[in-house]
Amino acid sequence: MMILFLITAFVAIAASILAITRTNAVHALLNLIVSFIAIAIILFLLGAPFIAALEVVVYAGAIMVLFIFVIMMLNVGAETEEKKSKWLSPKIWIGPAILSLVLFLELTYVVLSESEILLQSSQITPKEVGISLFTQYILGIELVAIMLMAGIIGAYHISRVKRKVKHRFLKEE
Amino acid sequence: MIILIISTLMAGGLLAWFLSKTNAHLSRIIALISLLLCSAAFLYYFITNHEIILASSGWLEEIHFTWIPQFGISFHMAMDGLSLLMIALTLFLGILGVLASWKEITERTGFYYFNLLWILAGIVGVFTALDLFLFFFFWEIMLIPMFFLIGIWGHENRKYAAYKFFLFTQASGLLMLLSILGMGLIFYQNTGKFSYDYIDLLTVQPEGTLGLLLMFGFLIAFIVKLPVVPFHNWLPDAHTQAPTAGSLILAGLLLKTGAYGIIRFVVPFFPVASHQFAPYAMVLGAIGILYGAVLAFSQTDLKRLVAYTSVSHMGFVMLGVFAFNELAYQGVVMQMVSHGISTGALFLLVGMLYERTHTRDLTQMGGLWQNVPKIGAVGLLFAMASLGLPGLGNFIAEFLVLSGSFQASKVITAVASIGLVLGTIYSLRLFQRVFQGSMHKDWRISDLSTREAIVMGSLIIAIVWLGWYPQPVIDIVQPTIQLVLDQMAMHATF
Amino acid sequence: MSQIPVHYAMLLAAILFAIGLIGVLSRRNIILMLMSVEIMLNAAGLAFIIAGSRWLQPDGQVMFIFILAMAAAEVSVGLALIVQMYQQHKTLDVNSINKMKG
Amino acid sequence: MNLSENIGQLTPFIIMVVAPLLLIVIISIKRNHLFSWLYTLLTFLLVAITALLAMENPLAEIPLFALDKFTYFYTILFSSAGFLIVLTSYRYFENRTEQKDEFYVLLVMATLGSSALVASRNFVSLFLSLEVLSVSLYALIAYLRKNELGIEAGIKYLVLAAMSSSFLLFGIALIYLETGTMDFGILAESLGPNLSVWILGGFALIIAGAGFKLSVAPFHWWTPDVYQGASSPVTSFIATISKGGMVGVIIRLFSSVKGYEYPSLVISISIIAIASMFTGNILALLQNNIKRLLAYSSISHLGYILVAFLAIPQNGAEAATFYLVAYFITTIGAFGIITILSDQDGEPESLDEYKGMFWKKPWLAACFSLVIFSLAGIPLTAGFLGKFYVASAGAGAGLWILLTVLVINSVIGVYYYLRVITTMFSTEKNEKTLPDLKLLSGAGLALLIIALAIIWLGILPSGIIELITRSTF
């Protein structure tokens with residue numbers, strides 16, 4: 001249990017350090033995703049499986065995809081063209097790959113061992129969280145709704161392009 | 001009565017400002033009319049009540065409303081003999097100020113008279129406020145219009161002078177605010193309710209170091225205004241750069257608020273502390289007398305010269321106030337009034353000469369007597385007043401102060417008396433340089449106009465009257481002096 | 001109570017937080033700065049889960065969900081701003097857009 | 001627990017939730033700037049009125065939030081401030097070709113965030129309200145997209161705000177970890193006389209996060225850039241409502257956990273207060289850009305408010321609130337005037353553009369002078385009474401060192417405020433023409449209200465003090 005935690009923690013820290021030291025945004029992003037997945041496993045170990053799933057789905061999934069989207073959208077110009085060839089060099093992907101491998105092995109071990117770890121992981125069940133969320137924190141949900149609304153309006157207003165530019169990624173704009 | 005004067009002045013100021021768009025001349029007339037109205041009301045009040053005024057020993061007229069009850073602040077104003085006298089001086093010099101700027105101010109007249117009248121309103125408020133918060137309020141109200149007056153209509157270096165004036169007085173004023181808060185707090189701790197009322201705070205009597213600290217808060221504000229030597233720095237600049245009426249009001253009235261503050265607040269609030277501090281204060285006063293006189297002697301700028309004489313004259317006030325006896329206090333009050341008149345007159349003269357010659361430089365002038373004998377005669381009279389010639393108001397004042405302070409400290413008084421000799425030297429130098437000697441330029445200038453003659457004439461009457469028959473002034477302020485001395489006797493042991 | 005000592009877990013959160021902070025302060029590429037902020041937010045979320053599991057309360061997890069939502073909203077506006085900035089300045093370097101001084 | 005029973009108490013908030021959503025729907029059908037403007041004015045007015053009505057009968061216990069008089073007072077303050085900001089800015093946005101209506105939507109949402117922030121009695125709601133406010137602000141700061149400075153300011157603010165939010169969150173997490181609660185009331189009970197390292201660390205991080213929002217030194221670096229880059233109505237909003245929300249919730253937190261009883265907290269807040277006063281005032285001395293000058297001056301004003309914080313047992317909460325009211329009116333007035341004087345080319349930011357303004361536009365310049373005097377704390381204005389209130393509370397709590405610093409800073413402050421005044425009264429010729437103000441326009445009305453309010457608070461403050469005393473703790 002403890003050993004699992006330490007390994008995952010090491011992966012998370014290593015991936016985060018790699019993420020903030022990369023010069024290329026996409027490489028940083030790859031590392032960041034690994035870091036988030038590592039944190040998801042830690043959340044799982046801490047007894048919050050639901051949150052662990054959310055971490056993977058929303059953070060490592062949705063938010064990071066948003067980043068990738070923007071990075072790719074902005075990647076225009078000659079300088080990036082020449083870098084493109086280096087993207088696939090092993091130097092870049094070997095780090096995240098190793099870290100991911102460690103996480104994968106760990107997960108496999110957890111799943112196969114079906115030990116007390118899985119049992120423990122649901123001390124606070126998603127049901128409890130849900131009940132709490134929709135009773136005690138119902139007004140918080142309302143505020144989050146408003147916040148997301150403000151985010152949508154703001155993002156829409158700021159990024160709206162007046163000139164009808166046909167961008168290679170955003171044809172329908 | 002008090003309210004009437006203050007509100008008339010404020011309303012007159014606003015009116016003068018608003019109407020200046022249609023006719024610039026109108027604002028002068030409105031300013032004059034509102035001042036005359038106030039004076040008339042004041043005279044009427046004085047004549048109908050003069051028996052009570054001379055007989056009573058307390059507050060003549062009291063206005064008391066609750067204002068901000070949460071802080072125990074009330075709208076409390078009252079007038080006693082001292083206030084009455086100072087209001088009279090304010091109105092008198094105010095009228096002269098308006099008359100003096102009749103020709104001098106040609107631009108932006110409306111706003112000018114607005115400022116002028118609001119300064120006067122602030123000064124009247126300072127002289128009558130009995131709630132310390134209210135007092136501070138008026139203390140600041142007279143500051144801002146003065147800042148504009150110097151900053152907009154002043155001479156070449158006006159911005160610098162205005163800033164200096166404002167920062168000096170504002171900084172010291174805020175220290176006073178802290179002291180006021182401290183007094184209120186002690187009162188709160190003693191009685192469980194907040195009050196900034198003068199009468200209430202008289203009972204506070206803080207002791208020891210605390211008393212000294214609180215006293216310094218007040219005292220610094222007042223001696224900056226007065227000004228006493230280490231804090232006099234702003235004065236020559238402000239006086240020199242201000243327009244004539246500005247210098248008149250600065251010297252004649254604003255400096256007096258400092259003296260008034262010491263008599264009214266510092267000594268009664270902190271008899272013990274001020275008694276401890278008295279020797280130093282008297283030394284400061286004596287230094288002021290000598291320092292002002294020496295510097296006055298070495299000036300070449302006419303206005304600066306007169307400004308430094310104020311420093312010297314106000315040294316007498318400082319000396320007298322901290323002598324703590326009746327004689328000295330009578331002298332202080334006399335000095336306040338007669339200095340207001342004599343220095344005011346000198347500033348007016350300088351202003352008149354400047355209007356005609358466009359210079360304030362002593363080295364440029366000389367031999368003006370042939371051209372303008374009337375101005376010369378008036379100048380001679382007020383130079384004499386300034387040096388303390390018997391028969392004129394200043395003599396009585398200085399004599400009383402010196403004989404009063406002699407009882408308190410012989411050495412300091414003796415040193416201070418040298419100031420009288422120096423006063424003679426600089427006054428005569430002033431007169432000689434301007435009016436006698438050879439003419440450096442071929443001045444062709446006119447003598448006193450009727451308006452100016454009225455102004456100077458009334459000043460001459462006032463100063464001569466003070467010199468020959470000062471008793472009414474002394475009688476009027478007697479109750480106030482008695483109050484201060486009683487407070488002193490009650491709490492401090494000599 | 002999970003078997004992982006609270007202080008170890010908090011140490012991890014703190015380290016991640018510090019890494020994120022260093023990232024924000026040292027990187028000049030605006031996208032990387034935003035990513036570093038995400039690391040910081042994530043570390044804070046982790047700390048909430050640890051605290052929640054210590055007290056066996058769902059509040060920590062609720063808070064994490066809220067942080068998640070906030071991060072999403074922030075990133076969406078932030079990326080919109082970045083796109084706009086890139087269109088105006090053709091750069092992602094925050095130093096080179098620094099027009100205001102004083 | 002039952003929300004439907006307390007519907008009357010919730011009305012102001014419901015209006016602020018529903019109104020912007022409805023406006024979005026209306027915008028999507030047809031855009032009309034005048035309509036959006038009037039609609040928003042009406043919204044703020046309704047919020048203020050319903051909050052005033054709800055104030056009569058407060059104390060509804062609902063989860064996360066405290067709907068007490070304090071909350072309603074601040075809600076009224078915020079909605080009135082929002083009203084005035086909107087009132088001044090019609091022509092400002094009309095003159096720009098951008099799409100204008102989203103501004104109003106975001107403004108109301110941000111005001112909701114600020115009001116909810118004050119109402120928070122739980123760290124969860126504190127965080128969420130703060131984020132509603134912040135997310136709306138990111139877009140508002142960069143609202144004029146053509147303005148490069150706006151985008152720059154928006155990005156700076158976003159990164160720093162997100163960073164400060166994570167500080168805040170980590171701090172909350174530490175406190176939660178140690179005490180097991182995020183509710184202010186329960187937290188107050190579980191704090192012992194000595195704070196553990198974790199809780200101290202938590203508070204330190206919370207102070208850092210909150211200090212960023214309040215823009216007090218040393219967390220103030222963003223302030224001048226954002227003030228300059230954002231459009232004036234938005235700057236006005238940041239300077240007032242956004243900071244006011246934080247002040248309100250900190251007062252609530254500080255007085256419920258009795259923060260003034262812990263020496264470590266008192267010392268750190270004192271240091272922050274002193275640093276803010278000096279930093280703000282000294283850096284403002286060097287400024288020639290009026291918006292940056294006001295930014296630095298706002299840093300020092302927040303420093304003054306912090307002094308009142310430490311005097312919470314001695315009317316400090318009232319003093320801070322009163323100071324805030326005075327600061328609100330004054331700041332909205334200052335930025336309102338800049339807004340009014342803006343034209344298509346931009347805003348009059350350089351001090352030189354105000355040269356001799358008094359002789360060309362006496363009314364506007366007189367209003368501006370009044371505002372500046374109020375900022376400087378000269379009697380007859382609201383600012384003076386605010387300062388007096390703070391000083392009196394501070395004196396009551398025996399904070400003489402802080403008060404001395406306050407006095408020194410007031411004098412330093414006077415110097416640069418006077419510079420603005422003398423510039424306006426300067427008799428030098430200035431070719432630059434400033435746009436006219438129609439007295440009967442919304443902006444004219446707003447200025448009139450502001451000027452009257454400054455004088456009213458400066459002369460007869462007892463009514464509002466009474467109200468504040470009844471609505472604070």
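All values below were derived from every heavy atom in this structure, side-chain atoms included, with hydrogens, water molecules and symmetry-related copies excluded. Remember, it's a predicted structure, so these values are computed and weren't measured experimentally. Chain letters run A, B, ... following the sequence lines, proteins first, then strands; residues in each count from 1.
Heavy-atom distances place both the backbone and the side chain of C/Ile31 under 4.5 Å from chain A. In this structure, chain A has no heavy atom under 4.5 Å from any part of C/Met33. Within the 4.5 angstrom heavy-atom criterion, atoms from both the backbone and the side chain of C/Ile19 approach chain A. With a 4.5 angstrom heavy-atom cutoff, C/Gln57 touches chain A only via backbone atoms. In this structure, the portions of A/Ile17 lying under 4.5 Å from any heavy atom of chain C include both its backbone and its side chain. Of the two parts of A/Tyr156, neither the backbone nor the side chain holds a non-hydrogen atom closer than 4.5 Å to a non-hydrogen atom of chain C. For A/Val129, the parts lying near chain C are the backbone and the side chain together; criterion is any non-hydrogen pair under 4.5 Å. Looking at C/Leu34, the atoms closer than 4.5 Å to chain A (heavy atoms on both sides) sit in the backbone and in the side chain alike. With a threshold of 4.5 angstrom between heavy atoms, C/Leu81 approaches chain A through its backbone and through its side chain. For C/Ile30, no part lies under 4.5 angstrom from a heavy atom of chain A.
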Query raised in the report: Given the rule in the side chain to side chain contact (heavy atoms under 4.5 Å, CB included) test, do A/Thr8 and C/Leu12 qualify, once you have shown the distances and angles that lead to the verdict?
Result: CA-CA 10 Å; A/Thr8 328; C/Leu12 172 66; over 6 Å; no
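No side-chain donor from either of C/Gln84 and A/Ser159 sits under 3.5 Å from a side-chain acceptor of the other.
For the atom pair CG of C/Asn42 and CD1 of A/Ile39, the computed distance is 4.0 Å after rounding to the nearest 0.5 Å. In this structure, the separation between CD1 on A/Ile68 and CE on A/Met73 is 14.5 Å, given to the nearest 0.5 Å.
When the candidates C/Val83, C/Leu68, C/Ile65 are compared by the number of heavy-atom contacts under 4.5 Å with chain A, C/Leu68 comes out ahead. Taking A/Met149, A/Met64, A/Glu55 one by one and counting their heavy-atom pairs under 4.5 Å with chain C, the maximum is reached by A/Glu55. Counting heavy-atom pairs closer than 4.5 Å to chain C, the top-ranked of the candidates A/Ile141, A/Leu29, A/Leu148 is A/Leu29. Ranked by heavy-atom pairs under 4.5 Å with chain A, the first of C/Ser26, C/Gly23, C/Ala80 is C/Ala80.
No side-chain heavy atom of C/Gln61 sits less than 4.5 Å from a side-chain heavy atom of A/Glu128.
In this structure, A/Ser35 and A/Ala12 approach most closely via the heavy-atom pair OG-O, 3.8 Å. In this structure, A/Met147 and C/Ala69 approach most closely via the heavy-atom pair CE-C, 3.8 Å.
The number of heavy atoms from other shown groups lying within 6.0 Å of CD1 (A/Ile3) does not exceed 12.
Ring geometry for A/Tyr59 against A/Phe36 counts as tilted: the plane angle lies between 30° and 60°, on a 0 to 90° scale.
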